[in-house]
There are 2 protein chains.
Amino acid sequence: MLRVSRLTDYATVVMTCIAAHPTDVLSTAQIADETHLELPTVSKLLKALSHATLVESFRGVNGGYRLARPASEISLAEIVEALEGPIGMTECSAADGQCDRESQCGVRGSWQRVNSVLDNALRAVSLAEMLKPAQPGRKIAVTVRTGEATTE
Amino acid sequence: MLRVSRLTDYATVVMTCIAAHPTDVLSTAQIADETHLELPTVSKLLKALSHATLVESFRGVNGGYRLARPASEISLAEIVEALEGPIGMTECSAADGQCDRESQCGVRGSWQRVNSVLDNALRAVSLAEMLKPAQPGRKIAVTVRTGEATTE
DNA sequence: TTGAATCGGGACTAAAATGGTACTGATTTG
DNA sequence: CAAATCAGTACCATTTTAGTCCCGATTCAA
């Protein structure tokens, strides 16, 4: 697929919803209502986000959730990792020894380079930026240099 | 998952295998043997790669496959697209109108920016580079700029 | 103190995607 | 014509994903 799972997509929506009410503690029901997502789904998302300490939870009557940090200090990468675990585009990036041809295989190295680019991109987008509606001119500029070997 | 499917991973291995024999026409059986992948799997991969005109096929006795273009002119992005379709990290990037909150939702825009970074990264890696075994110093340098709005 | 609201954690189900297999047909060579 | 090889389709088993439900723990307030 090369896709982020739908739940992760939802999680970004939930996070922006919470970020839009910086001073309030929002209940799961309120968030579900605003985002038009099913309540149990939202509940599941918030559990994961809370576990990753991206949101703070409050129990009891009038309980709910709030951002654990300012929106500007939460990156898209953290939201993705909260739901999908470490970012990695191939399986063999992590484990070794399952492929017989590791020696002749330059593929792993290439994938790892792509990984790091993606990782940087996700880390560069903050929740605060996601809050703002489409800004046509706003973009991430990327310079890719592959021609020469460098040590840093 | 945020992963490329296993088949796509295999496809890169198959492509590098073919690229390693620039002058030969390799049969599916030969490729399966060299890559240690199952023959039907390799067959399936080659069909997709052939459909995307990344490899040329020859029927009949002594038939097989060959790169359709020099390895330096085939990018990782093309291989990924051959197997997974257009590169896009979320579903709503493509279709509109399925989400009620499109107006207030700045999330889509942010995802699209991340998409373009990933796309550039995949496009910057050529099959020729993947052929070479790990080169420790070789990396993709990425500059990310999100602070200011720009028109280009 | 009691009850209602709310989070926390886990188990469970249904559906979809994925990976892999099998079979049949078409094409080329000799 | 026969063998080798690609082409296309259909199929199945497994895994993953999305979504739901239940029950216990916690807090607030009447």
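Convention: sequence-line order gives letters A, B, ...; per-chain numbering from 1.
Remark: the Lys47(A) side chain and the dG9(C) base include a donor-acceptor N/O pair separated by less than 3.5 Å.
A heavy atom closer than 4.0 Å to some atom of DNA chain C occurs in Val61(A), Asn62(A), Gly63(A), Gly64(A), Tyr65(A), these being the qualifying members of residues 61-71 of chain A.
OP1 and OP2 of dA4(D) both lie 4.0 Å or more from every side-chain N or O belonging to Ser27(B). Using a 4.0 Å cut-off, no side-chain N or O of Arg6(B) falls inside it from OP1 or OP2 of dA17(C). Contact annotation: Ser57(B) reaches the phosphate of dA7(D) (side-chain N/O to OP1 or OP2, under 4.0 Å). Regarding contacts with the backbone of dT20(D), a side-chain N or O of Thr41(A) is found under 4.0 angstrom from either OP1 or OP2. In this model, the phosphate group of dG19(D) is approached by a side-chain N or O of Tyr10(A) to a distance below 4.0 Å at OP1 or OP2. Regarding contacts with the backbone of dT6(C), every side-chain N or O of Thr28(A) stays at 4.0 angstrom or more from both OP1 and OP2.
Transitive grouping of hydrophobic side chains (ILVMFWY, heavy atoms separated by less than 4.5 Å) brings Leu7(A) and Leu49(A) into a common cluster. Hydrophobic clustering places Leu54(A) together with Leu67(A) (ILVMFWY residues linked when any side-chain heavy atoms are closer than 4.5 Å, directly or through intermediates).
Per the geometry, CG belonging to Leu37(B) stands 12 Å off P belonging to dG19(C), to the nearest Å. Following rounding to the nearest Å, Asp9(B) (CG) and dT18(C) (C1') show an atom-to-atom distance of 14 Å. Distance, Lys44(A) NZ to dG9(C) P: 14 Å, rounded to whole Å. Taking atom CZ of Arg3(B) as the reference point, atom P of dG19(C) lies 12 Å away to the nearest angstrom. Rounded to whole angstrom, the span from the CG atom of Leu7(B) across to the C1' atom of dT15(D) amounts to 14 Å. Distance CG (Leu46(B)) to C1' (dT5(D)): 12 Å, rounded to an integer number of Å. Straight-line distance from the CG atom of Leu49(B) to the C1' atom of dA7(D): 15 Å, rounded to whole Å. The distance from atom NE2 of His51(B) to atom C1' of dA7(D) is 10 Å, rounded to the nearest whole Å.
A side-chain donor-acceptor contact under 3.5 Å links His21(B) and Glu34(B).
Taking every heavy atom of both residues into account, Leu83(B) and Ala11(B) meet most closely at CD1-CB, 2.9 Å. Residues Pro86(A) and Glu81(A) share a closest heavy-atom pair of CA-CG, 4.5 Å.
Place Arg59(A) and Ser43(A) on DNA chain D by their nearest nucleotides, and Ser43(A) ends up nearer the 5' end. Residue Gly60(B) is the one, among Thr8(A) and Gly60(B), whose nearest nucleotide of DNA chain D lies closer to the 5' end (criterion: closest heavy atom).
Under a 4.0 Å N-O distance rule, the pair Glu38(B)/Lys44(B) does not qualify as a salt bridge.
For the side-chain contact (heavy atoms from CB on, under 4.5 Å) test with Ile87(A), the passing option among Leu122(A), Val4(A), Asn115(A) is Leu122(A); the others fail.
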